[in-house]
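Reviewing the structure listed below.
Treat the numbers as computed from the prediction; the structure is a model and nothing was measured.
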Amino acid sequence: MAIAKLIENNKKARHDYFFDDIYECGIELTGTEIKSIRAGGVSLRDSYAKIEKGEVFVFNMHIAPYDKGNRFNSEPLRPKKLLLHKQEIRKLSNIVMQKGVTLIPSQVYLNEKGRAKLDLAVARGKKLYDKREDIARRDAKREEERSMKNH
């Protein structure tokens with residue numbers, strides 16, 4: 001998985017969830033939506049994915065209306081279909097049936113061919129003490145780096 005140009009990274013998701021597995025998938029977009037993504041007008045905050053009737057859709061993924069798009073702009077929060085192989089969708093649906101597992105978009109990027117791709121993470125929610133533990137670990141690492149820098 002070589003990322004040519006990272007457009008959006010979902011930092012909040014990494015804070016709130018443990019990522020078990022990550023799937024790369026394409027996104028079915030309109031012409032003005034891809035232009036808006038290339039301009040950096042996408043937000044993954046509070047977005048999630050669901051499997052409905054054998055297809056995967058991402059909800060609450062905000063793609064800003066393209067400035068020069070006039071009437072061809074689509075609604076910013078419309079559900080977008082994700083492009084995955086059938087066996088991947090079956091595998092994901094079996095995983096999601098487990099309690100406490102959800103599908104979260106972790107990042108949007110353009111690959112070498114200029115196509116928009118989305119990394120879909122199989123995620124488990126963190127408890128408050130897990131978040132505190134991560135923050136403490138990060139602070140300890142930062143302090144260690146400072147002390148190494150000063151010596």
Once you round to the nearest 0.5 Å, how far does CD of Q107 lie from NZ of K11? 11.5 Å
Do you know the tightest heavy-atom contact between I34 and A116? CD1-CB, 3.6 Å
Quick check for you: to the nearest 0.5 Å, what is the distance between I89 atom CD1 and N94 atom CG? 12.0 Å
Decide whether L29 and L83 are clustered together by the hydrophobic rule: side chain heavy atoms of Ile, Leu, Val, Met, Phe, Trp, Tyr closer than 4.5 Å, transitively. no
For residues 40-59, the side chain to side chain donor-acceptor pair (under 3.5 Å) pairs (sequence neighbours left out) are E55-K81
Could you go through the side chain to side chain contact (heavy atoms under 4.5 Å, CB included) check for Y23 and L82 one step at a time? CA-CA 11 Å; Y23 291 85; L82 299 180; over 6 Å; no
List the steps, then state whether side chain to side chain contact (heavy atoms under 4.5 Å, CB included) holds for I95 with D21. CA-CA 10 Å; I95 292 171; D21 207 4; 5.5 Å; no
Audit row: E88, V56, side chain to side chain contact (heavy atoms under 4.5 Å, CB included) steps and yes/no: CA-CA 10 Å; E88 288 178 323; V56 183; over 6 Å; no
Could I get the full list of side chain to side chain contact (heavy atoms under 4.5 Å, CB included) partners for E133, not counting sequence neighbours? R137
Closest non-hydrogen contact found for R124 with D20 is NE-OD2, 2.9 Å
Output all residues satisfying side chain to side chain contact (heavy atoms under 4.5 Å, CB included) with K113, sequence neighbours left out; order by chain, then residue number. N111, R115
What heavy-atom pair brings P76 and K80 nearest, and what distance separates the two atoms? O-NZ, 3.3 Å
About how many Å separate CG of N150 and CE of M148, when rounded to the nearest 0.5 Å? 11.0 Å
Euclidean distance, R78 CZ relative to E33 CD, rounded to 0.5 Å: 4.0 Å
Exactly one of L118, V42, D119, I27 should register a side-chain contact (heavy atoms from CB on, under 4.5 Å) with P105. Which one does? L118
How far does CD of E28 sit from CZ of F57, to the nearest 0.5 angstrom? 8.0 Å
State plainly whether the residues R146 and E143 are in salt-bridge range, i.e. N to O under 4.0 Å. yes
Quick one: CD on E112 to NZ on K5, what's the gap to the nearest 0.5 Å? 14.0 Å
Can you name the closest pair of heavy atoms from N10 and L44 and give their distance? ND2-O, 3.3 Å
Should I104 and I22 be regarded as members of a common hydrophobic cluster, given that ILVMFWY residues are connected when their side-chain heavy atoms come within less than 4.5 Å of each other, either directly or indirectly? yes
Got a donor-acceptor contact below 3.5 angstrom from the R14 side chain to the N9 backbone? no
